[in-house]
Chemist: 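Right, I'll just put the structure down here and ask away after.
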Amino acid sequence: MSESAIARVVVDSPLPQLDRLFDYSIPDALASEVVAGVRVKVPLRSAGRVADGLVVEVAERGGFDGPLSEIDSVVSPIPVLTPEVWRLARQAADRAAGSANDILRLAIPGRQVRVEKTFLGATESEPIPVVASPTVQHYGETIDSVVTDRSRIALSAVPGVTELRDGRWVRTWAVTLAQAAAACVARGDTAILVVPDYRDQNQVEAALAQYLPPELIIRADARQSNPDRYRGFLRGLGDTALAVVGNRSTVYFPAKRLGLIALWDDGDPLHAEPLAPYVHARDAALIRQEQRGCALIFASHSRSSEVQRLVELGWLIAVDPVRAAHPKVVPTAHQLSDDPMAQRARIPSLAWRTAREAVAHGPVLVQVARPGYSPRLACADCGQTARCLRCSGPLAQRSAGSTPSCSWCGMLSTSWSCSHCDGTRLRLVGAAGSTRTAEDLGRAFPGVRVIIADGEHPIEHVGSSPALVIATRGAEPIADGGYRAVLLLDGEQMIARESLRVAEDCLRWWSNAAALAAPGAVSVLSGVGGELATAMATWRQADFAARELRDRRMLRFPPAVRVATVTGTLAAVAEAIADLPVEPSDVLGPVDLGSATVRSIVRFDYSAGSEIASALRSELIRSASGRRSAARGGRPTTPALRVRLDDLEPFLES
DNA sequence: AGCACGCCGACT
DNA sequence: GTCGGCGTGCTC
């Protein structure tokens with residue numbers, strides 16, 4: 001250790017102008033403790049103030065010529081920031097015009113002293129279990145070679161459910177990903193499996209347990225306690241190859257030797273990180289794959305337009321199951337049944353017949369668009385949405401005959417009058433929610449068990465006995481052996497939303513539900529025609545994705561182009577856009593958002609991405625550090641300029 | 001964010 | 001002549 005060695009530190013601060021490395025000298029007393037990756041405290045601008053930081057590297061000299069301050073102290077001897085994760089955080093942040101710090105907050109859980117103590121205490125080398133490599137089924141030799149060759153693929157998942165050795169049923173894709181992960185671990189490399197939510201996670205974990213001992217399976221998600229999360233994180237810093245399964249931030253999990261990143265259903269909005277700088281798990285995975293050179297699998301039933309773009313570029317190879325057995329999906333017009341009971345439940349005749357025949361033999365899944373009883377209450381006289389008299393929130397009814405209450409503040413609306421026309425009578429508008437559909441179907445099928453699965457009543461499994469399972473989209477339980485029929489009831493209503501992604505989302509919701517059907521069982525898609533219906537009936541979602549992407553290219557909508565939203569005062573936004581170095585494809589706006597704020601949308605090609613991102617970033621830093629605010633004495637209002645890349649929100653609005 | 005440095009109006 | 005206003009800029 002040379003006495004001139006310095007530590008390069010990333011300081012924990014939300015300020016964009018501090019988002020770079022600071023050089024510190026290392027006092028002799030700390031020479032052996034200051035190593036790359038450890039948490040430190042460092043003085044920042046006038047001693048006395050100390051900031052938390054992470055040592056990115058220890059070097060002979062840095063890029064700073066001035067006098068250096070000394071590292072104040074080492075917080076913990078554990079190197080929690082690996083060089084690989086640092087590079088990933090830096091590049092992900094740069095791509096999104098954000099701070100590496102914000103990524104590191106997602107990547108590194110908060111410190112837990114007790115957990116660290118036990119971790120450091122248990123240093124005796126645990127015997128590493130020998131793992132046999134399973135073959136990945138359904139895809140020939142392809143996926144096994146994906147893991148060995150470290151290729152990048154878009155995988156069409158095998159529809160259906162599979163029984164595990166312990167008698168539990170999971171979606172077949174969970175077994176596929178578990179097999180790929182186990183094959184990776186057997187080669188001595190860590191596999192990271194990223195899934196949208198805890199229910200997917202449970203399935204993948206159950207499937208993994210068939211191939212790996214429990215000590216090699218790490219769960220990483222926001223629902224577990226901080227100590228549990230930190231314990232799992234610290235295990236990732238070790239030498240043992242693991243299978244790690246978790247939500248979007250798991251893509252940043254540390255791994256000595258990373259062999260595979262697999263991401264299930266990248267179109268699910270849960271993969272979009274809601275915290276700045278809003279880096280989507282798909283993009284983080286792509287960056288990490290490129291840096292690390294590991295295998296990469298995007299698996300789904302319904303291909304996203306983003307993945308389709310990468311397939312067309314040749315960046316991802318499309319891989320399909322060897323035998324193309326797919327669910328039988330029958331689109332049907334929304335023609336109501338002649339049966340009065342079916343009419344009451346607003347069920348089309350084909351769906352009605354299908355359900356009646358199938359429910360004699362086992363569970364039938366009914367997918368509806370919304371939870372609850374009724375989506376909307378309106379004034380019976382003027383038709384305006386009925387609103388709460390206290391807070392103007394929309395009124396909703398929980399069950400038949402119950403008093404309407406406000407969906408925002410919960411106030412019961414006992415004596416309501418319309419604010420538009422003074423009417424006092426309410427009426428139900430729109431399609432029924434899960435509760436009301438359940439009531440109607442319960443009456444129509446007397447003696448059949450009715451199960452509701454939605455956000456309020458989460459259910460992961462149902463058995464194989466006859467039942468009507470009413471589920472909101474995305475909340476469908478798994479039926480042992482698969483459903484005997486699937487009714488996709490509210491297609492019309494789901495498509496009716498005005499949004500860039502409706503078609504893609506609908507195809508995803510329906511495909512994921514139809515994939516729960518038993519072999520040979522029929523799925524009825526009601527009220528939907530055209531290309532979406534064709535895509536479902538032929539189970540060729542990739543074709544639809546290609547068409548969708550073609551349309552986006554014509555409209556110059558993402559993901560055909562990249563976008564950035566620039567928000568702030570008119571002057572700041574105008575300046576930021578005027579200073580862009582390359583001519584962006586075009587600029588939309590500015591539009592007035594009220595309270596002296598405007599927003600412009602910049603559209604540009606992927607090739608201009610890094611240049612645009614860094615230009616907007618330096619503009620942001622200039623705006624944040626320079627003139628603090630145009631107005632009087634530093635009021636803590638919104639900053640003069642905000643920048644967000646790949647912000648789809650303006651395109652999603654209805 | 002904090003906090004120092006810096007260049008114009010009232011003060012012993 | 002200096003004390004201090006807070007606009008401007010930096011933080012290794």
Side-chain angles (χ1 to χ4, degrees), chain A residues 1-76 79-81 83 86-87 89-90 93-94 97-105 108 110 275-277 567-569 571-572 575-576 579 596 614-644:
Chain A
M1 170 78 54
S2 154
E3 63 175 334
S4 68
I6 56 110
R8 315 203 70 206
V9 174
V10 55
V11 178
D12 181 20
S13 159
L15 300 174
Q17 54 277 47
L18 300 191
D19 178 39
R20 53 200 167 87
L21 296 185
F22 289 88
D23 296 348
Y24 288 90
S25 61
I26 303 170
D28 291 342
L30 298 180
S32 62
E33 294 174 57
V34 176
V35 296
V38 296
R39 300 183 209 254
V40 289
K41 289 200 179 291
V42 291
L44 189 63
R45 183 72 186 164
S46 72
R49 274 178 67 205
V50 286
D52 292 319
L54 291 159
V55 176
V56 168
E57 57 175 342
V58 175
E60 285 311 304
R61 54 171 295 124
F64 185 69
D65 281 337
L68 301 186
S69 293
E70 288 187 337
I71 299 258
D72 181 87
S73 58
V74 174
V75 174
S76 145
V80 289
L81 177 61
W86 167 249
R87 282 206 303 147
R90 183 67 275 165
D94 286 345
S99 290
N101 252 307
D102 290 332
I103 304 282
L104 294 180
R105 254 189 287 279
I108 304 175
L275 296 173
T567 315
T569 61
E575 194 177 348
D579 287 356
S614 81
L616 287 174
R617 177 70 174 170
S618 30
E619 197 62 38
L620 183 77
I621 292 172
R622 214 149 66 81
S623 151
S625 56
R627 58 242 128 121
R628 197 171 312 253
S629 81
R632 68 222 64 170
R635 33 167 200 170
T637 47
T638 52
L641 191 66
R642 275 174 295 147
V643 170
R644 178 166 169 183

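The chains referred to below are lettered A, B, ... by the order of the sequence lines, with proteins before strands, and numbering in each begins at 1.
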Chemist: Going by atom types alone, do A:Arg39 and A:Ser73 pair a side-chain donor with an acceptor below 3.5 Å?
Modeler: no
Chemist: Grab the CD-C1' distance between A:Glu57 and C:dC12 for me, whole Å please.
Modeler: 14 Å
Chemist: Looking for any heavy atom pair under 4.0 Å, which part of the strands does A:Tyr24 touch: base, sugar-phosphate only, or nothing?
Modeler: sugar-phosphate
Chemist: Would you please determine if the base of C:dC12 is stacked by A:Phe22, with stacking meaning a centroid separation under 5.5 angstrom and planes under 30 degrees?
Modeler: no
Chemist: Regarding A:Arg20, tell me which of base, sugar-phosphate or nothing describes its non-hydrogen contacts under 4.0 Å with the strands shown.
Modeler: base
Chemist: Once you round it to whole Å, what is the distance between P of B:dG2 and CG of A:Leu18?
Modeler: 12 Å
Chemist: With salt bridge (Lys or Arg N to Asp or Glu O under 4.0 Å) as the criterion, how do A:Asp19 and A:Arg90 come out once you've worked through the C-alpha distance, each side chain's angles and the decisive distance to 0.1 Å?
Modeler: CA-CA 10 Å; A:Asp19 178 39; A:Arg90 183 67 275 165; 2.9 Å; yes
Chemist: What is the distance, rounded to the nearest whole Å, between atom CG of A:Asp19 and atom P of C:dC12?
Modeler: 16 Å
Chemist: May I ask you to decide if A:Val11's main-chain N or O and A:Asn101's side chain share a donor-acceptor pair within less than 3.5 Å?
Modeler: yes
Chemist: Round to a whole Å and report the spacing from CD1 of A:Ile621 to C1' of C:dC10.
Modeler: 13 Å
Chemist: Show your reasoning for whether salt bridge (Lys or Arg N to Asp or Glu O under 4.0 Å) applies to A:Arg61 and A:Asp23.
Modeler: CA-CA 8 Å; A:Arg61 54 171 295 124; A:Asp23 296 348; over 6 Å; no
Chemist: Using whole Å, what does the distance between atom C1' of nucleotide B:dA1 and atom CZ of A:Arg45 come to?
Modeler: 13 Å
Chemist: Roughly, in whole Å, what's the span from CG in A:Leu15 to P in C:dC10?
Modeler: 14 Å
Chemist: What's the CG-C1' distance between A:Leu21 and C:dT11, to the nearest Å?
Modeler: 14 Å
Chemist: Send over the distance from A:Leu44 CG to B:dC3 P, rounded to a whole Å.
Modeler: 12 Å
